[in-house]
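All remarks here apply to the structure that follows.
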Amino acid sequence: MKSPITKLAAAAAIIVAVMLGMYVLTGSFDGSSITKAQVRQAMENVNWMQVTSKTGKDVVWYSFASKVQITIEGQGRIVYLDFNGGKKLLWNPGSQDIYESTLGEETRSAGSLSGPFEAVNKMFDSLEAKEGWKVTKGPGAYQGRKVAVWTASRASGESGMESTWTMYIDVDKKLPVAFTDDLKGSDGNVRHAAEIEFKYPQTGPADIYEAGAPRSAQIKPAPEGQTSEEQAPPPDALK
C-alpha cells in the first residue's frame with residue numbers, strides 16, 4: 001500500500017494512474033482492432049467501477065453518475081466521499097459513530113469528474129513531456145480470459161531502477177480488467193510489485209451502511225480541528 005497506484009486515496013488518483021498508463025500504451029497491436037479509442041469509448045459508458053487492490057486488499061467503488069467514491073480498506077475502515085454533496089463520511093471498525101466532515105475544494109474538484117476519461121484529458125499536457133518509455137503490445141491471457149496486453153517500461157539512468165506498467169484489456173468488452181506496477185532494481189530484483197483488478201457492476205453500495213458500516217452507527221460532525229486521519233479513534237482505542 002505504499003504505491004500511489006494501490007493506496008487509492010482520492011477519487012481521481014487511481015483513474016489518473018490507469019489512464020496515465022493507457023496514454024502511453026496507445027494504438028493497436030499485431031494488427032488487432034483494439035485501440036485506445038475503443039477502450040475510451042467503452043469506459044465512457046461505465047456507471048459503476050469496482051477497483052480491488054490484490055496487494056493491499058483495499059476495495060474502492062466509484063459511481064461516475066452520482067459522483068461517489070467508497071473506499072473499504074483492508075482493515076475494514078470505510079471512507080465515503082460524496083462529491084456532489086461536498087461531504088466525507090468516515091467509519092472505523094468497532095465504532096458506533098460515523099464522522100462527517102466537509103470536503104476541501106481540491107478534493108471536491110478532483111472527484112467531480114463526468115467519467116473515467118476526464119481526468120486523463122486534464123493530464124495530457126504534462127504527459128506529453130514524458131519520454132523514455134518502451135512500449136510493447138500483444139495478445140495474452142489474464143486468469144483464463146483472452147486479453148490484449150499493453151506494457152510500458154522505463155529505466156532511470158541515474159538509479160538503474162526500471163518501472164514497468166502492464167494493462168490487461170478484455171478483448172470482447174474493450175475494458176481494462178487488471179493493471180500491474182512493477183519496480184526492479186539495477187540488480188534485476190523486484191523492489192515493488194502491485195496489482196489491481198477492475199470490475200464493472202451494474203450497481204454498488206447505496207450508502208456507507210451498505211458498504212459495511214453498522215446500521216446502529218450514528219452520523220455526527222467530526223471533531224473540529226482534527227485531520228481526516230484523526231476523525232475516528234484507532235482500533236486499539238475502541239477496546
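Residue numbers start at 1 and run along the sequence shown.
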Can you name the ring-ring contact (aromatic ring centres under 6.0 Å, His included) partners of Tyr168, sequence neighbours left out? Tyr142

Side chain to side chain contact (heavy atoms under 4.5 Å, CB included) with Lys146: which residues, sequence neighbours excluded? Val171

Provide the closest heavy-atom pair for Ile72 versus Ala211 in the form atom of the first, atom of the second, distance. CD1-O, 3.5 Å

Which residues share a side chain to side chain donor-acceptor pair (under 3.5 Å) with Gln75, sequence neighbours left out: none

Residues passing the salt bridge (charged side-chain N to carboxylate O under 4.0 Å, His left out) test with Lys220, sequence neighbours excluded, are Asp97

Contacts of type side chain to side chain contact (heavy atoms under 4.5 Å, CB included), residue Gln143, not counting sequence neighbours: Lys54, Glu197

Mind checking side chain to side chain donor-acceptor pair (under 3.5 Å) for Ser216 and listing every partner two or more places apart, or none if nothing turns up? Gln96

With sequence neighbours left out, what residues match Ser66 under side chain to side chain donor-acceptor pair (under 3.5 Å)? Ser63

Check step by step if side chain to side chain contact (heavy atoms under 4.5 Å, CB included) holds for Val177 and Val147. CA-CA 9 Å; Val177 294; Val147 297; 4.1 Å; yes

Go through it in stages, so that I can follow the logic: the residues are Glu73 and Thr71, the test is side-chain hydrogen bond (donor to acceptor under 3.5 Å, both in side chains), and I'd like the CA-CA distance, side-chain angles, deciding distance and then a yes or no. CA-CA 6 Å; Glu73 297 180 356; Thr71 302; over 6 Å; no

Val51 vs Tyr62, test: side chain to side chain contact (heavy atoms under 4.5 Å, CB included). Steps then yes/no. CA-CA 8 Å; Val51 183; Tyr62 297 100; 3.7 Å; yes

With Ala193, which residues qualify under side chain to side chain contact (heavy atoms under 4.5 Å, CB included), at least two apart? Asp182, Val190

With sequence neighbours excluded, tell me which residues meet side chain to side chain donor-acceptor pair (under 3.5 Å) with Asn45. none

Qualifying residues under salt bridge (charged side-chain N to carboxylate O under 4.0 Å, His left out), relative to Asp170, sequence neighbours excluded: Arg145

